[in-house]
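Note on naming: letters A, B, ... go to the chains in the order of the sequence lines (proteins, then strands), and numbering restarts at 1 for each one. All heavy atoms count here, side chains included; hydrogens, waters and symmetry mates do not. Being a predicted model, the structure only gives us computed values, none of them experimental.
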2 protein chains.
Amino acid sequence: MSGSSAGRQRPATISDVAREAGTGKTSISRYLNGEMSVLSADMRTRIAAAIERLDYQPNQMARGLKRGRNRLIGMLLADLTNPYSVEVLQGVEAACSALGYMPLICHAANEVEMERRFLQLLTTYRVEGVIVNALGVSEDTLRPAGGGIPAVLVDRTVEGLAADMVGLDNIDAATRGTQHLLERGFTEIRFVVQPYEQVSSRRLREAAFHETLGRFAGEVHGETMVLDLADNASAEHTLVTLDRTIDTASDRLALFAANAPVALRIALHLNQRLGPRWTERVALLSVDDPEWAELAGVTAIRQPTYAIGYRAVEFLHERIEGGNAPARDCLLPGELIVRASTAR
Amino acid sequence: MSGSSAGRQRPATISDVAREAGTGKTSISRYLNGEMSVLSADMRTRIAAAIERLDYQPNQMARGLKRGRNRLIGMLLADLTNPYSVEVLQGVEAACSALGYMPLICHAANEVEMERRFLQLLTTYRVEGVIVNALGVSEDTLRPAGGGIPAVLVDRTVEGLAADMVGLDNIDAATRGTQHLLERGFTEIRFVVQPYEQVSSRRLREAAFHETLGRFAGEVHGETMVLDLADNASAEHTLVTLDRTIDTASDRLALFAANAPVALRIALHLNQRLGPRWTERVALLSVDDPEWAELAGVTAIRQPTYAIGYRAVEFLHERIEGGNAPARDCLLPGELIVRASTAR
DNA sequence: CTGTTAGCGCGTTCAT
DNA sequence: ATGAACGCGCTAACAG
């Protein structure tokens, strides 16, 4: 029965502090904004005391309204379930706290409609910019009210939108991954992806895969397999096809998963069907290096996720500050981590 | 060279719309707030047209300032790296969108100092309430400015703070987990935890473990092992001790991991030292059922994470709406999922 | 150095 | 049914 009794009192305002300190609001405002040199020593201590006594905390909303900037930036994530997203987020948060932003994180759960709604919501809160990692945002969604707010794309581009982008060097990564499989002598390879054809990173990875294989036409056989994780029946069907391929292939099959969620689904399935020694029957290589990859012995291409997130905020910051340079792409290299599953 | 040319234009305001529609701001405001019955049909269409033409979107900040509520709630997470957090988040997001809130997500990365800063930041943005899953927030951090804002605790209580709490029924879960190991005939068991002694869920799980073992005094030997994931040297040291225990124990050792991060570290270590068939030498049971548990055959106690997040928001909503009932605890049951690692 | 005044974009009386 | 005027908490001129 200490203080949690009745309805909470409303937070102190700048006027309360002014009254408490026996001065005008302006001086308080100056104090808050660090214009100390313009305040008498006496004034300073009185204000400090008043603030302390009232436990005053300036209202960011009011500040934002007045200044026209609220230090909020939006972060739209297609899929928080993907470890990639969480890792990128770490970089984003670090950069935000370094640059004085507060990220508003939105999770669209791989639904285009939610992406649209969140983007709308974010502009409604007048975020100063957005970092977008989405499935299907279209150009005009990102350019509401004519001007639009500064945006930085992560991992994937958006058709027709000239914005900064930062992500993995997909072509290099997929090429090296494929080469690794070729060097290990695999001759039957499947590239497995989710059915999001509009996602540029998916397309680039797939293209590089086929491009690299093309140089070995005849000797090596490769195909794309689509695994729809959002539709269990469809996924099961694909996996059955996969099983048949494994059983009938002339060589030990190699699988190149386009990202971690796909790799996980494959690993779970094979582990269930073939037992814990499934890697002896099938080789698995994955873009993304999830926490369980080491455990399962899965070869991976680790993305520089933290750097991607950090850099994205830096780019956005420049735009917010008025930077007007043409749109840039920042492609960071992946790191191939060879594990048991692709051993020969 | 379409529209992205010069500096972006500032978003339309309610006054712009009023002018465009040839009316007063008041009518626009009424329109926005759905008071249609008070507006003539003609007025309605004119306003709708004006809004459309200007692509007007009301400024939430200004609204919040005026109304005294901005529909923002804070979500403080101790560790986003823990899959538990992400899963809870899904429930939180679902409930938020159902109840019309926008969650401000903060990630404290297991640092008490960051928790304090984020909490402060959140009140600065005048969030209407907070959902807290933190390491070391103290009562007074959550009661700033006397009244404090409504708070709901997730997974763990805070010393001396009478707030709603929702989380796993830890005693039941840990008891059932321990019983499972006993039923399987293990006589050498270690309970492995991170060194956060102030976290109530950790203490409850550990207590239930020892309590349950106590009923078999003499026959079964159990101890707590502390694994500090934040300090690699220390963790390595602990794991070496663990190795020795495994090698010298009179029985096959059983490990009870207090959460997923701990279980992962253990699994990675054992896998490296003993090879992929490590589960034949050591049994592993974990609170939390991370995505890789099935793959590694690790027995797990799955938490109702989605429900926890959803319920937390519901509780918070009631408080925000003025609910004044005494603090409640909502303890949800876990589900034991038996896998190969605890087979005998 | 300090206080007064006027908005930022919006909702809300209170008239009309 | 509609609009004018005031104020939410704060900053930015402008005086003094």
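Nucleotides of DNA chain C with any atom under 4.0 Å from a heavy atom of chain A span, from 5' to 3', C/dC1 to C/dG9. Along DNA chain D, read 5' to 3', the first and last nucleotides having any atom under 4.0 Å from a heavy atom of chain A are D/dG9 to D/dC14.
In this structure, the salt bridge (charged side-chain N to carboxylate O under 4.0 Å, His left out) partners of B/Arg19, at least two apart in sequence or on a different chain, are B/Asp16. With sequence neighbours left out, the side-chain hydrogen bond (donor to acceptor under 3.5 Å, both in side chains) criterion links B/Thr157 to B/Ser200. Evaluation of the side-chain hydrogen bond (donor to acceptor under 3.5 Å, both in side chains) rule for B/Arg116 yields B/Glu113 as partners, not counting sequence neighbours. For B/Arg71, the salt bridge (charged side-chain N to carboxylate O under 4.0 Å, His left out) criterion is met by B/Glu128, not counting sequence neighbours. Every salt bridge (charged side-chain N to carboxylate O under 4.0 Å, His left out) that B/Asp164 has, sequence neighbours left out, goes to B/Arg319, B/Arg328.
A donor-acceptor contact closer than 3.5 angstrom is absent between the side chains of A/Ser85 and A/Asp79.
Heavy atoms from other residues, nucleotides or ligands lying under 6.0 Å from CZ of B/Arg311 number 12 at most.
Annotation for A/Arg126 and B/Pro58: closest pair NH1-O, 4.0 Å, computed over non-hydrogen atoms. Heavy-atom minimum distance, A/Val166 versus A/Val152: CG1-CG1, 3.8 Å. Across all their heavy atoms, A/Leu122 and A/Cys106 have their closest contact at CD2-SG, 3.9 Å.
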Under 3.5 Å, which donor-acceptor pairs link side chains of residues 38-53 of chain A to any protein atom two or more places apart or in another chain?
{"residue": "A/Ser40", "atom": "OG", "partner": "A/Met43", "partner atom": "N", "Å": "3.2"}
{"residue": "A/Asp42", "atom": "OD2", "partner": "A/Arg46", "partner atom": "NH1", "Å": "2.9"}
{"residue": "A/Arg44", "atom": "NH1", "partner": "A/Met36", "partner atom": "O", "Å": "3.1"}
{"residue": "A/Thr45", "atom": "OG1", "partner": "A/Asp42", "partner atom": "O", "Å": "2.8"}
{"residue": "A/Arg46", "atom": "NE", "partner": "A/Ala21", "partner atom": "O", "Å": "3.3"}
{"residue": "A/Arg46", "atom": "NH2", "partner": "A/Ala21", "partner atom": "O", "Å": "3.0"}
{"residue": "A/Arg46", "atom": "NH2", "partner": "A/Gly22", "partner atom": "O", "Å": "3.2"}
{"residue": "A/Arg53", "atom": "NH1", "partner": "A/Glu20", "partner atom": "OE2", "Å": "2.3"}

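Scanning residues 58-73 of chain A for heavy-atom distances under 4.0 Å to DNA chain C yields A/Leu65, A/Lys66. Only A/Ser29, A/Arg30, A/Asn33, listed by number, bring a heavy atom of residues 28-42 of chain A to less than 4.0 angstrom from any atom of DNA chain D.
Across the helix from C/dC1-D/dG16 to C/dT16-D/dA1, the helix axis at one end is tilted relative to the axis at the other end by 40° (nearest 10 degrees, each axis from five pairs).
Within the structure, ring pair (Phe, Tyr, Trp, His ring centres under 6.0 Å) pairs that include any residue of residues 84-106 of chain A comprise A/Tyr101-A/His317 (at least two apart or interchain).
Within 4.0 Å (heavy atoms only), A/Thr26 reaches at least one base atom of the nucleic acid.
Side-chain N or O atoms of A/Asn70 include one that pairs as donor or acceptor with a backbone N or O of A/Tyr125 at under 3.5 Å.
Counting only heavy atoms from C-beta outward, the side chains of B/Thr124 and A/Asn59 never approach each other to under 4.5 Å.
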**Q.** Residue pair B/Asn133, B/Leu76: steps toward the side-chain contact (heavy atoms from CB on, under 4.5 Å) verdict
**A.** CA-CA 6 Å; B/Asn133 166 250; B/Leu76 182 60; over 6 Å; no

